[in-house]
2 protein chains.
Amino acid sequence: MNLKIGELAARTGCQAETIRYYERRGLLDAPTRSGGNYRLYGARHVDRLTFIRRCRGLDMSLDEVQSLLAFQDHPEQPCCGVNDLLDQHIGEIQRKMSELQSLQDELLRLRARCQSTGRVRECEILRDLVS
Amino acid sequence: MNLKIGELAARTGCQAETIRYYERRGLLDAPTRSGGNYRLYGARHVDRLTFIRRCRGLDMSLDEVQSLLAFQDHPEQPCCGVNDLLDQHIGEIQRKMSELQSLQDELLRLRARCQSTGRVRECEILRDLVS
DNA sequence: TAGAATCCCTGTAGCTACTACAAGGTCAAG
DNA sequence: CTTGACCTTGTAGTAGCTACAGGGATTCTA
């Protein structure tokens with residue numbers, strides 16, 4: 001294996017600087033180094049990084065990802081913690097969505113107040129926003 | 001009028017530190033000062049800050065708010081720019097919502113893979129996240 | 001009128017999850 | 001042997017605040 005950071009980056013679709021950042025943050029453990037002090041990654045790192053990127057793609061925070069990684073490192077534990085974390089995350093997304101829905105409603109209502117023919121002076125949108 | 005920053009904060013539901021931050025950012029212009037160097041705000045500031053907070057409540061960025069404030073300061077301009085900004089913002093919210101919807105779908109699919117009885121070792125959720 | 005409590009001031013550093021340098025070292029190709 | 005692509009560390013920037021520290025002003029109470 002023995003990938004350099006750029007190769008790992010290409011393989012996972014993650015920038016090299018992001019990989020170094022994950023290492024600093026403690027999500028990815030430090031790989032071995034080559035003679036010239038280059039990071040050398042193995043298959044285990046590819047898996048971990050893939051996992052992290054998948055979770056991030058699902059909008060999880062790095063703290064959440066770190067929790068899931070901790071579960072992976074203790075395979076004998078019951079897995080209900082994983083489910084709890086996911087349920088909580090699903091709840092958060094739910095909340096965000098309904099919040100955005102209210103925003104959208106209000107924005108459309110606001111937008112309907114102006115037919116874009118006049119001057120700023122008479123614009124009902126701006127007037128509406130102060131009150 | 002002549003409100004101190006804490007009074008303006010209480011009146012608008014905005015923290016004093018946030019108000020100072022808006023001043024630094026150039027959204028709220030610097031008020032006069034008292035003898036003891038306290039900021040003293042007038043009715044105009046109350047209106048501006050209310051406007052800003054309303055916009056922020058609609059999830060607009062400070063840059064967007066600043067654009068709207070610029071429109072307010074040029075009341076003779078045609079107001080179609082205001083409409084454009086709002087339409088664009090509505091579009092963004094729309095995009096965010098459909099993105100969250102896909103996330104939600106995928107999270108629910110993922111969640112359905114585990115019935116929380118086993119150990120982490122066999123957890124299909126974690127397995128799914130690596131591949 | 002003294003002292004305490006509560007405000008206010010400036011400036012700086014922290015938060016998330018990166019991203020973008022600068023200044024330099026390593027390595028492979030020509 | 002030089003060029004260019006890659007790698008290294010460290011630092012600073014992004015958005016929109018928030019949280020101090022260390023000090024001054026004002027106001028309330030005894």
Side-chain angles (χ1 to χ4, degrees), chain A residues 1-28 30-42 45 48-69 89 92-93 96 99 103, chain B residues 1-28 30-42 45 48-69 89 92-93 96 99 103:
Chain A
M1 209 64 172
N2 271 0
L3 306 170
K4 282 188 286 182
I5 198 167
E7 293 161 342
L8 179 61
R11 199 178 274 225
T12 56
C14 178
Q15 295 218 56
E17 289 171 321
T18 305
I19 297 173
R20 281 192 283 258
Y21 172 70
Y22 288 160
E23 183 182 327
R24 267 204 312 286
R25 272 280 318 239
L27 280 112
L28 210 52
T32 55
R33 297 287 180 131
S34 74
N37 200 30
Y38 287 11
R39 288 171 176 84
L40 292 179
Y41 295 97
H45 292 101
R48 276 245 161 173
L49 188 51
T50 305
F51 183 89
I52 296 171
R53 294 311 286 178
R54 286 267 298 138
C55 291
R56 289 290 303 134
L58 292 169
D59 207 28
M60 295 183 198
S61 71
L62 292 184
D63 281 351
E64 286 175 313
V65 180
Q66 205 147 24
S67 299
L68 288 184
L69 288 170
H89 187 58
E92 271 168 46
I93 302 267
K96 270 192 206 169
E99 198 180 329
L103 278 184
Chain B
M1 211 57 171
N2 271 0
L3 306 171
K4 282 188 286 183
I5 197 167
E7 293 161 343
L8 179 60
R11 198 178 276 226
T12 56
C14 177
Q15 295 220 56
E17 289 172 322
T18 304
I19 296 173
R20 281 191 285 258
Y21 172 71
Y22 288 160
E23 184 182 327
R24 267 203 315 287
R25 271 282 316 241
L27 279 113
L28 210 52
T32 55
R33 297 285 180 132
S34 74
N37 200 30
Y38 286 12
R39 289 172 177 83
L40 293 179
Y41 295 97
H45 291 102
R48 277 247 160 172
L49 188 52
T50 305
F51 183 89
I52 296 170
R53 294 310 286 179
R54 286 267 296 140
C55 291
R56 289 289 302 134
L58 292 169
D59 207 28
M60 296 184 196
S61 71
L62 292 183
D63 282 351
E64 286 175 313
V65 180
Q66 205 146 23
S67 299
L68 288 184
L69 287 170
H89 187 59
E92 271 167 47
I93 302 266
K96 269 192 208 170
E99 198 179 328
L103 277 184

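Numbered from 1 within each chain, the chains take letters A, B, ... in sequence-line order. We use all heavy atoms of the structure for the numbers below, so side chains are in, but hydrogens, waters and symmetry mates are not.
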Base of C/dC7 paired with side chain of B/Tyr38 (donor-acceptor, under 3.5 Å): yes
Can you measure B/Leu28 atom CG to D/dC17 atom C1' for me and round it to whole angstrom units? 15 Å
Is a donor-acceptor pair below 3.5 Å formed from side chain A/Glu17 to base C/dC21, judging by atom type as modelled? yes
Between atom OH in A/Tyr41 and atom C1' in D/dC7, what is the gap in whole Å? 11 Å
Rounded to whole Å, how long is the line connecting atom CD1 of A/Ile19 with atom C1' of C/dA17? 15 Å
Any side-chain N or O of B/Arg24 under 4.0 Å from OP1/OP2 of D/dT18? no
Judged by atom type as modelled, is there a donor-acceptor pair below 3.5 Å linking the side chain of A/Gln66 to the main-chain atoms of A/Gly26? yes
Any side-chain heavy atom of A/Asp63 within less than 4.5 Å of one from A/Arg25? yes
Is the shortest side-chain N/O distance from B/Arg25 to OP1 or OP2 of D/dT14 below 4.0 Å? no
Does C/dA17 have OP1 or OP2 sitting under 4.0 Å from an N or O in the side chain of A/Tyr22? no
For the side chain of A/Glu7 and the base of D/dC7, is some donor closer than 3.5 Å to an acceptor across the two? no
Side chain of B/Lys4 only, please: which of D/dC17, D/dT8, C/dC8 is the nearest? C/dC8
Rounded distance (Å) that lies between atom P of C/dG25 and atom CZ of A/Arg33: 16 Å
Gap separating the CD1 atom of B/Ile52 from the OG1 atom of B/Thr12, nearest 0.5 angstrom: 9.5 Å
If you check the A/Gln15 side chain, which of D/dT8, D/dG16, C/dA20 turns out closest? C/dA20
Could you check how far CD1 of B/Ile5 sits from C1' of C/dC9, rounded to whole Å? 10 Å
Check whether A/His89 reaches the backbone of A/Leu58 with its side chain - one donor and one acceptor, N or O, closer than 3.5 Å. yes
Between CE of B/Met1 and CG of B/Leu8, what distance do you get to the nearest 0.5 Å? 8.5 Å
Residues of residues 49-65 of chain A with a heavy atom under 4.0 Å from any atom of DNA chain D, listed by number, are none
OP1 or OP2 of C/dC8 under 4.0 Å from side-chain N/O of B/Arg39: no
Under the criterion side-chain contact (heavy atoms from CB on, under 4.5 Å), I'd like the reasoning laid out for A/Leu49 against A/Tyr41: C-alpha separation, chi angles, the key distance, then a yes or no. CA-CA 11 Å; A/Leu49 188 51; A/Tyr41 295 97; over 6 Å; no
List the atom of B/Glu23, the atom of B/Pro31, and the distance in Å for their closest heavy-atom pair. OE1-CD, 3.6 Å
Counting only side-chain nitrogens and oxygens, does B/Arg20 get under 4.0 Å of the OP1 or OP2 atom of C/dT10? no
So, is A/Ser34 near the phosphate of C/dT26, with a side-chain N or O under 4.0 Å from OP1 or OP2? no
Scan side-chain atoms only and decide if B/Arg53 and B/Tyr22 contain a donor-acceptor pair under the 3.5 Å cut-off. yes
Rounded to whole Å, please give me the gap between CG in B/Asn37 and C1' in D/dG23. 13 Å
Of A/Gly36 and A/Thr18, the one whose closest DNA chain C nucleotide lies more 5': A/Thr18
Quick one: B/Tyr21 OH to C/dG11 P, roughly how many Å, whole number? 17 Å
To the nearest Å, give me how far apart CD (B/Glu23) and P (C/dC8) are. 14 Å
